[in-house]
Structure formats: C-alpha cells, structure tokens
Amino acid sequence: STPSNSSAASDVYKRQGQWPAIDRLFRLTVKRFPGRPCFTSFDPEHFTVNYREALKLVERLAAYLREKGVSKGDMVALTGKNTPEWAVSYLAVLSAGGTVVPIDYQLEPERIAHLMEFAGVKALITDEEKYDLLVEKAKALNLSGVLSLSSGKPEYVFKINPKGKKPLEAGTDENDTAAILFTSGTTGNEKGVILTHGNFVSDIFLAQTLLGISEKDVFYALLPLHHSYSMNAVFLQSISVGAEIVFAKRLVVKQILSD
C-alpha cells in the first residue's frame, strides 16, 4: 500500500461530504488487512492479535456493554496502562455507540471518581492496580458495570461472554461525540474537551498527506493513550492504515529496549 492508497478511504468519505466514525474506520481496515498484526504486547508475555481477531474481541465486548445498558451517547470511563485490552475497550465503547472518557491512570482514585461523576459515566473499565478501590467508588456512583483490563479481576474484557453474538449498529456518525479528554489541570481544575468522530478522523487523514505510512509499519505506543497526541499520532493513525501497535506499559529504558 502506498501513502496515496492508505488514504483512499478518506477520499471516498470526503466526496460524500462526511468522515467515517472511528469504529467504522476500524472495520474498513479489518476488511483490507484482516491477517496483518494489530495489537501486540511483550509484557508480561508475548501477545499478538491480528485485525480480524481484534475485531472479534471488539464486537464481543461491545455486545456485552450493550447488555450492561450502554447505548448511543452514554459515557464510559477507561483508565489503565497501555495494553491491547485498553485498545479493544476503546473501540468497543465506540462500537456500542458510547462515548469514551479516557482518564489518567496515575490520578488518585478519589480524583478519578470525581471526574467520572463530573462526566456522568455509566460504566467503568479499569486495570487491576486501582480495580478494588474504584469498584467501591463505582457503587456510590451507581454505575451499571465495572470491567477489568486485567485477567486477575472479575469481568475481564477478553473473557466476558455476552448473550448476543454481535451488537446492533449504533448509527454513529461524524458529528457524534467520540471522546471527552480531560486536560491535566496544571492551571486549575481539569477541563473536559469534547471531540467528535470527525475531529479525530479528519486529523489523521490530513496527517497522512505528509506521512508515508502503510500497513507494513509498526507504531510503538510509549506515551499514555489517554493523551490526545498519542491517541491521534499512534493509536488512530495506525488502525487507519492497518499498521501494528506495540504497547509499552512502562516508561523504563530497560523495558523499552527489550520491546
């Protein structure tokens, strides 16, 4: 695939006067490169799924979220380290029609709970580091469900079993809110930045006019994916062309070199 071919999908949508929703963009990539490596992690062991396998995980989790009451426009908080589970969860929330609220996993549980309450989230997906503490916070917020990014906790996102096989089409379009990204709060309280599917997708296709990327490339997700830069430049950029993402769990030189 040449750089011009990698943005072929964008040309189609621009002629129609619209951008694809992120989950639809991902499905388009799966059709083009089903067997290409998609999400990879080397810690604690080597784990890789191709695009076809990743879509199956996304659809299964999306169906489960639907059964938990998540529907179009509902907010779902997502907090944890960079992992394939994080990536699948992000896409699953969008496939269910929801809006992702990515939250810095380094924040204290009380602060995370405050942001969840402020955003009015309906469900939470978190890793085991804060799972127990946030489950208690979730009870006070009356959330419909708490799912885990780690296999050692209940409701592990890769092992859930929805009653239905596939979620119904959410009917999401470019003008729907894809995510609410909170600023770091350096100069005051965190501020929730509302971003639509069109905001994200138009940026990544614009970048492709200058970047010679294709399905043969590998992206290394080092910065936390709840950051807008890493989200656009690594996560969404890679899945738009069928590239592979290798997830870094820690900002540790030894681990980075090992990866």
Pairing residues for S89 by the side chain to side chain contact (heavy atoms under 4.5 Å, CB included) criterion, not counting sequence neighbours: L61, L78, I125, L149, V157

Point-to-point distance, once rounded to the nearest 0.5 Å, from CG of L91 to SG of C38: 8.0 Å

ILVMFWY cluster membership beyond L206 - transitive side-chain contacts under 4.5 angstrom: none

Listed once per pair and sorted, the side-chain hydrogen bond (donor to acceptor under 3.5 Å, both in side chains) pairs that draw on residues 220-231, sequence neighbours left out: Y220-D259

Step-by-step side chain to side chain contact (heavy atoms under 4.5 Å, CB included) determination, N175 to T196: CA-CA 6 Å; N175 297 312; T196 67; 5.6 Å; no

Heavy-atom donor-acceptor pair, T79 side chain to I103 backbone, under 3.5 Å: yes

Over all atoms of both residues, closest heavy-atom pair of T48 and P37: CG2-CB, 4.3 Å

Test item: K153 and D132 side chains (from C-beta on) under 4.5 Å apart, heavy atoms: yes

Sequence neighbours excluded - ring pair (Phe, Tyr, Trp, His ring centres under 6.0 Å) pairs with any residue from residues 79-99: W86-Y90, Y90-F235

Residues forming a side chain to side chain contact (heavy atoms under 4.5 Å, CB included) with A178, sequence neighbours excluded: I22, L94, H197, F200

Within residues 179-191 or reaching into it, pairs that qualify as salt bridge (charged side-chain N to carboxylate O under 4.0 Å, His left out) - sequence neighbours excluded: R111-E190

Pairing residues for E45 by the side chain to side chain contact (heavy atoms under 4.5 Å, CB included) criterion, not counting sequence neighbours: none

Residue pairs fulfilling salt bridge (charged side-chain N to carboxylate O under 4.0 Å, His left out) with at least one residue in residues 48-58, sequence neighbours excluded: none

Validation row: I160, R60 side chains within 4.5 angstrom (heavy atoms): yes

Stepwise side chain to side chain contact (heavy atoms under 4.5 Å, CB included) check, K72 with D176: CA-CA 9 Å; K72 187 173 180 179; D176 288 315; 3.3 Å; yes

Heavy-atom pair with the smallest gap, counting every atom of A113 and L141: O-CD1, 3.9 Å

Test side chain to side chain contact (heavy atoms under 4.5 Å, CB included) applied to M75 and I180, step by step: CA-CA 9 Å; M75 313 289 177; I180 296 178; 3.7 Å; yes

Closest non-hydrogen atom pair, G242 against R36: O-CB, 4.1 Å

Sequence neighbours excluded - salt bridge (charged side-chain N to carboxylate O under 4.0 Å, His left out) pairs with any residue from residues 75-100: K81-D127, K81-E129

Sequence neighbours excluded, every pair satisfying ring pair (Phe, Tyr, Trp, His ring centres under 6.0 Å) that has a member inside residues 114-134: none

Minimum heavy-atom distance between N82 and A248, given as atom pair plus value: CB-O, 3.4 Å

Nonpolar side-chain network containing V253, other nodes, edges under 4.5 Å: L257

Inter-residue atom distance W19.CH2 - R24.CZ, 0.5 Å rounding: 15.5 Å

Reported CG-to-CD1 distance for the pair D104 and I112, which is rounded to 0.5 angstrom: 7.5 Å

Nearest-0.5 Å distance that lies between atom OH in Y51 and atom CZ in F39: 6.5 Å

Minimum heavy-atom distance V58-F26, with the two atoms named: CG2-CE2, 4.3 Å

Pairwise distance CG(D74) to CG(L65) - rounded to 0.5 angstrom: 10.5 Å

Closest contact, heavy atoms only, G35 versus N50: O-CB, 3.7 Å

Crowding at CD, E108 (>12 non-hydrogen neighbours, <6.0 Å): no

Residue pairs, two or more places apart or on separate chains, that pass ring pair (Phe, Tyr, Trp, His ring centres under 6.0 Å) and touch residues 139-161: F47-F158, Y156-F158

